[in-house]
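The structure appears below as structure tokens.
Only this structure's heavy atoms are used, side chains among them; waters, hydrogens and symmetry mates stay out.
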Amino acid sequence: MSSVHSVTASAPGKTNLFFAVGPLQPDGFHDVASIYLALDLREEVTVSPAADWSVSVSGNVSVEQLAAVPTGPENLVVKAAKRVAELAGCDAQPVAFAIDKHVPVAGGMGGGSADAAAALVAVDSLWCTGVAARLVETVDLGADVPFSVTGGIAIGLGRGEQLTLITDVPQLNLVLVTSDEGLSTPAVYRRLDELRAARGIDPAEAPEAQVADELILALKAGDSAKIASLLKNDLQEAALDLRPDLQLTIDAGLAAGALTGFVSGSGPTVAFLVADANAAEEISQKLHARGHNAIATAGPAAGAFIRDEI
């Protein structure tokens with residue numbers, strides 16, 4: 001174990017520029033084909049040796065969202081620390097976690113997964129376990145955790161953990177509109193299966209999930225207009241069915257000048273692809289004026305890394 005008193009790590013939230021949901025599997029999950037984009041909205045997790053496990057939460061998200069974050073052993077950061085010990089073949093010593101949240105809670109942006117990714121690299125450093133190269137072997141913590149460790153922009157297959165990085169993608173600018181009323185990811189998947197069944201499609205026989213090659217080419221070319229025309233999220237239909245008000249948010253962003261708008265992951269965050277950084281600021285201000293909690297952001301962003309050791 002290390003003599004370091006605390007370690008702070010940073011990890012990115014994400015959006016899914018493309019999200020195809022394949023057939024329902026016997027275990028209740030779905031294989032997916034996704035294009036993940038890591039964003040410059042980042043979580044920070046500070047870990048310190050302690051007599052007992054503990055989790056504290058602060059950040060610039062709303063009080064309601066902070067209150068929704070579990071502070072007991074069910075929080076993913078605790079599970080992440082124990083997974084580091086498992087990978088290293090050592091005993092897990094109690095850790096105090098201080099989470100500084102900047103990614104919306106239950107917003108379809110992988111905030112909890114970013115916490116877990118930051119905790120993985122921080123605890124690995126604190127304990128000097130030397131398992132950094134294996135921290136992507138953590139899809140059991142959550143489908144988005146391996147990508148938050150890696151960052152950048154990547155194709156994700158399987159449950160999302162089979163990652164292939166897409167290199168040389170120019171910066172993409174987005175505006176996010178968050179909501180204090182979360183959406184349950186399992187509930188959104190269940191509703192998608194119900195909607196498919198209502199159309200006569202057996203959820204277990206839905207088409208296999210595949211990424212559009214044309215979109216990858218557009219990303220590498222930095223062709224924002226082409227990218228906008230190719231974005232897709234199979235979960236959006238279900239999210240809008242459960243939260244019809246999100247369509248009004250999409251309409252507002254399009255009216256403000258966004259190239260396209262879409263539900264981020266399972267929602268309820270709505271993401272807008274915009275032309276450039278200036279457009280992101282202008283559109284976010286317009287949406288603020290209409291009462292929306294809008295955030296200008298960009299990606300690809302770096303994966304999880306150590307920010308400070310004390």
Side-chain angles (χ1 to χ4, degrees), residues 14-37 68 74 76 104-113 139-147 154-164 176-216 227-254 260-273:
K14 59 84 187 177
T15 191
N16 301 84
L17 297 176
F18 185 94
F19 199 78
V21 179
L24 177 65
Q25 302 296 318
D27 61 3
F29 289 90
H30 301 73
D31 282 344
V32 303
S34 172
I35 295 181
Y36 288 108
L37 175 68
E74 70 275 20
L76 281 180
V105 176
M109 294 184 59
S113 295
V139 69
D140 54 307
L141 296 176
D144 296 334
V145 174
F147 175 70
I155 300 167
L157 302 177
R159 301 289 156 76
E161 83 285 3
Q162 299 171 25
L163 298 172
T164 302
L176 308 174
V177 174
T178 65
S179 171
D180 283 339
E181 181 186 347
L183 265 176
S184 160
T185 297
V188 174
Y189 273 98
R190 282 195 301 271
R191 188 59 184 143
L192 174 62
D193 288 336
E194 292 167 358
L195 292 169
R196 286 176 167 175
R199 289 196 294 271
I201 301 170
D202 184 339
E205 297 180 1
E208 293 295 327
Q210 295 181 325
V211 169
D213 292 338
E214 194 177 4
L215 177 54
I216 297 172
I227 294 167
S229 72
L230 294 170
L231 300 190
K232 166 185 174 178
N233 179 6
D234 281 350
L235 292 179
Q236 179 164 313
E237 174 190 17
L240 292 179
D241 186 78
L242 294 170
R243 286 279 305 276
D245 59 296
L246 298 180
Q247 184 62 56
L248 299 177
T249 303
I250 293 173
D251 293 343
L254 295 176
T260 192
F262 55 96
V263 173
S264 177
S266 57
T269 299
V270 172
F272 297 97
L273 182 67

Non-hydrogen atoms of Phe272 and Ile250 that approach each other most closely:
CE2-O, 3.4 Å

Less than 4.5 Å apart, side chain to side chain, heavy atoms only: is that true for Leu24 and Asp202?
no

Which one of Arg191, Arg190, Arg196 satisfies the side chain to side chain donor-acceptor pair (under 3.5 Å) criterion with Glu194?
Arg191

Inter-residue atom distance Thr260.OG1 - Leu254.CG, 0.5 Å rounding
6.0 Å

Give, for atom OG1 of Thr178 and atom CE of Met109, the distance between the pair rounded to the nearest 0.5 Å.
9.0 Å

Between Val105 and Ala68, what is the shortest heavy-atom contact and its length?
CG1-CB, 4.2 Å

For Pro207 and Pro23, which heavy atoms make the closest approach, and how far apart are they?
O-CD, 3.6 Å

Where do Pro268 and Ser179 come nearest, in terms of heavy atoms and distance?
CG-CB, 3.9 Å

Ignoring hydrogens and angles, tell me if any N or O in the side chain of Asp193 forms a donor-acceptor pair with the backbone of Pro203 under 3.5 Å.
no

Non-hydrogen atoms of Phe18 and Ala212 that approach each other most closely:
CZ-N, 3.9 Å

Which word best sums up how the rings of Tyr189 and Phe19 line up, parallel for under 30°, tilted for 30 to 60°, or perpendicular for over 60°?
perpendicular

Roughly how far apart are Asp140 CG and Arg159 CZ, rounded to 0.5 Å?
12.0 Å

With a 4.5 Å cut-off on side-chain heavy atoms, are Ile35 and Asn16 touching?
no

Separation between CD of Gln162 and CG of Asp31, rounded to the nearest 0.5 Å:
7.5 Å

Using modelled atom types only, decide if a donor and an acceptor are shared between the side chain of Arg243 and the backbone of Glu181 within a distance under 3.5 Å.
yes

Check each of Leu240, Leu235, Val188, Thr249 against Val263 using the side-chain contact (heavy atoms from CB on, under 4.5 Å) test, and report the only one that passes.
Leu240

Gap separating the CG atom of Leu242 from the CG atom of Leu195, nearest 0.5 angstrom:
8.0 Å

Taking all heavy atoms of Pro186 and all of Ser184, pick out the closest pair and write down the distance.
CD-OG, 3.2 Å

State whether the side chain of Asn233 and the backbone N or O of Gly265 hold a donor-acceptor pair below 3.5 Å, judged by distance alone.
yes

Verify whether one side chain among Ser264 and Thr269 offers a donor that lies under 3.5 Å from an acceptor in the other.
no

Checking side-chain contact (heavy atoms from CB on, under 4.5 Å) between Tyr36 and each of Leu17, Ile155, Leu163, Thr15, which is the one that passes?
Leu163

Are there more than 12 heavy atoms of other residues, nucleotides or ligands under 6.0 Å from atom CD of Gln25?
yes

Could you measure the distance from the CG atom of Leu246 to the CZ atom of Phe262? Nearest 0.5 Å is fine.
13.5 Å

Under the side-chain contact (heavy atoms from CB on, under 4.5 Å) rule, what do Leu176 and Val270 come out as? Steps first, then yes or no, please.
CA-CA 6 Å; Leu176 308 174; Val270 172; over 6 Å; no

